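Note sheet for the following structure.
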Number of protein chains: 2
Amino acid sequence: MSAVGTSGISILLVDDHPVVRQGYRRVLEHQDDFRVVAEADNAAGAYRAFKAHQPDVVVMDISMPGASGLEAIRNIRARDADARVLVFSMHSEVAQVKAAFGAGASGFVTKGSEPAELIAAIRSVVRGEHAMSDDVARVLALESLVPTKSALDELGEREIEILRQLVAGATKEQIAENLNLSTKTVQNYHYLIKAKTGMRTDAQLVRLAVECGLANL
Amino acid sequence: MSAVGTSGISILLVDDHPVVRQGYRRVLEHQDDFRVVAEADNAAGAYRAFKAHQPDVVVMDISMPGASGLEAIRNIRARDADARVLVFSMHSEVAQVKAAFGAGASGFVTKGSEPAELIAAIRSVVRGEHAMSDDVARVLALESLVPTKSALDELGEREIEILRQLVAGATKEQIAENLNLSTKTVQNYHYLIKAKTGMRTDAQLVRLAVECGLANL
DNA sequence: TGCAGGTCGGGAAATTTGCCCGACCAAGTT
DNA sequence: AACTTGGTCGGGCAAATTTCCCGACCTGCA
């Protein structure tokens, strides 16, 4: 799955800040088996560049306008299940980390990390492993000790119930009847739920819900 | 979740043949803690009766006109995840048994079984267990030893691939691009797939595909 | 008192769905 | 060789749905 005709690790760099890209390109190319083969400054461009270059790894900042970084990861992974995406973010909020891995990322490194950590993470993910910087690991570990906030936690009670029935296979009309709502309201909730969870497709939504244990009760 | 104000087990009997209902009503009410609180002769009626009576268990023949028994089960379970449905069928074909459990049934007894088996199964499912008559268990066990025909077997190669990407979370546009098709064709396949598998909702389709191991490649 | 947030639905334009149809092509038929 | 069968691909078109945005009503809470 590595790029044809050359050895070393080919990299696609995605960040909406040109200066940041420059800086990291410099850092990465200091490793002589690393090659930054393309750059992109938005989700759509990232996807296009991925298709064009098939890099060994995509290093991506997901806090881009439109919060579409996750979308880009999903797109890339939907196209090629072997794709490796290492997200490289400002913050290490649990929700964001989980969302990233949920979208198919292979690693998560914060921008506060040492360059060496980023480099190590890149090598790690191209080997097929998962990687994250220490600070990320720490918040995640800590978080796993408490009740666990899932991606569904920002949903209200009504939204959860509607999602549950949706996932159970009920049609909107049936849900409307079950809950004594208008079909329109159920449609609005459905839309809202997708917006809140960041899922674009019903399929994504169903799988998220199933993973969060919302299925079969 | 049991009916208010009374002890014993309340039952909703669903079968399109009045005589059969009569016969089984007789048999069931011979148990003095059983009460047949309602009857229905079709899927829609079953759903309505369920809503009206909230029986402890629904005993249902699924070979009704329109093959809508499964639909009825799904409706009932979507409305109340605690609902118990015991299907009571003429045949014990693997596909039908699987479809029934897939739709949310808690038990499956053939009409060839002894009354005692039906009664035992009813007690079993109200206790929250799963139950099936010996003959059903036998075909199912036997079937689990061979390659397994899934509900997806009637789908062609193209259909499978499109379903796979759909379930992976890709949008129709992305699929169209990945496979070099027009969006319209992907839409048509999506429609066809739902028709062939008998799934009415995307959610149902996704869960079917996941159960058939189509997820994650 | 006022503000935040959950619940419920209308409106309207853009898209999608449901269903049917025709065309092409490869593989068999007898 | 003329024919059927079945998978693949897409147009058409009315009906339904989605996507956003907005207003209204509660309730809790500062």
Side-chain angles (χ1 to χ4, degrees), chain A residues 43-44 65-68 70-71 74-75 78 95 149-206 208-209 214, chain B residues 66-68 71 74 78 149-206 208-209 214:
Chain A
S68 47
L70 293 176
E71 181 67 7
R74 267 193 289 270
N75 290 168
K149 275 185 186 290
S150 76
L152 302 180
D153 279 3
E154 43 190 326
L155 297 182
E157 220 170 301
R158 219 79 243 250
E159 290 156 342
I160 289 284
E161 176 58 18
I162 285 174
L163 177 55
R164 196 188 63 71
Q165 297 199 25
L166 225 29
V167 171
T171 66
K172 292 194 177 49
E173 283 74 25
Q174 286 163 12
I175 296 174
E177 202 193 339
N178 290 344
L179 302 179
N180 264 110
L181 296 175
S182 81
T183 299
K184 186 64 217 254
T185 299
V186 177
Q187 289 172 349
N188 281 335
Y189 273 114
H190 183 203
Y191 170 73
L192 234 199
I193 292 167
K194 283 198 283 185
K196 279 195 183 179
T197 56
M199 299 295 138
R200 214 174 279 307
T201 292
D202 276 6
Q204 295 171 2
L205 190 59
V206 171
L208 173 69
L214 207 63
Chain B
S68 47
E71 183 66 8
R74 268 193 288 268
K149 274 185 187 285
S150 77
L152 302 180
D153 280 2
E154 43 189 325
L155 297 183
E157 223 171 298
R158 220 73 245 249
E159 289 156 344
I160 289 285
E161 176 58 18
I162 286 174
L163 177 55
R164 197 188 62 69
Q165 296 199 26
L166 225 28
V167 172
T171 67
K172 294 194 176 52
E173 283 74 24
Q174 287 162 13
I175 296 175
E177 204 192 340
N178 290 344
L179 302 179
N180 264 110
L181 297 175
S182 83
T183 299
K184 183 66 214 225
T185 299
V186 177
Q187 289 173 347
N188 281 334
Y189 273 114
H190 183 203
Y191 170 72
L192 235 199
I193 292 167
K194 282 199 282 186
K196 280 195 183 179
T197 56
M199 296 297 138
R200 218 173 284 305
T201 292
D202 275 6
Q204 295 171 3
L205 190 59
V206 171
L208 173 69
L214 207 63

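Letters A, B, ... are given to chains in the order of the sequence lines, protein chains preceding strands, and every chain is numbered from 1. Computed from a predicted model, the values in this text were never measured in an experiment.
- Taking each heavy atom of E159(A) and I193(A) in turn, the nearest pair found is O-CD1, 3.4 Å.
- Rounding to the nearest 0.5 Å gives a distance of 11.0 Å between CG of L192(A) and NE2 of H190(A).
- Q165(A) pairs by the side-chain contact (heavy atoms from CB on, under 4.5 Å) definition with E161(A), A170(A), I175(A), N178(A), L179(A), not counting sequence neighbours.
- In this structure, S182(A) contributes its side chain and T185(A) its backbone to a donor-acceptor pair below 3.5 Å.
- In this structure, the separation between CD1 on I160(A) and CG on L166(A) is 12.0 Å, given to the nearest 0.5 Å.
- Separating the CG atom in L181(B) from the NZ atom in K172(B) is a distance of 13.5 Å, to the nearest 0.5 Å.
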Check the interface with nucleotides 3-7 of chain C: list each N/O to N/O pair with the protein under 3.5 Å, or write none.
residue, atom, partner, partner atom, Å
dT7(C), OP1, R158(A), N, 3.2

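- From the 5' end on, the contacts that DNA chain D makes with chain A at under 4.0 Å to a non-hydrogen atom open and close at dT17(D) to dC20(D).
- Note that CG of L163(A) and CG of L208(A) are 7.5 Å apart. Values are rounded to the nearest 0.5 Å.
- In this view, E157(B) satisfies the side-chain contact (heavy atoms from CB on, under 4.5 Å) rule with no residue, not counting sequence neighbours.
- Using a 4.5 Å cut-off on side-chain heavy atoms (C-beta onward), Q174(A) and E177(A) make no contact.
- Inter-residue side-chain proximity for Q204(B) and T197(B) is flagged as unmet; no heavy-atom pair is nearer than 4.5 Å.
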Checklist outcome for this item: Nucleotide by nucleotide, nucleotides 13-20 of chain C touches protein heavy atoms under 4.0 Å in the pattern (B base, S sugar-phosphate only, - none) ---SBBBB

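- Closest non-hydrogen pair, T201(B) versus G169(A), comes out as OG1-O, 3.5 Å.
- A 4.5 Å side-chain heavy-atom check between D202(B) and K194(B) finds at least one atom pair inside the cut-off.
- Defining each end axis of the helix from dG2(C)-dC29(D) to dT30(C)-dA1(D) as the rotation carrying four pairs' C1' atoms onto the next four, with five pairs an end, the two axes are found to diverge by 30° to 10 degrees.
- As judged by a 4.0 angstrom heavy-atom cut-off over every strand, T185(B) is placed among the base-contacting residues.
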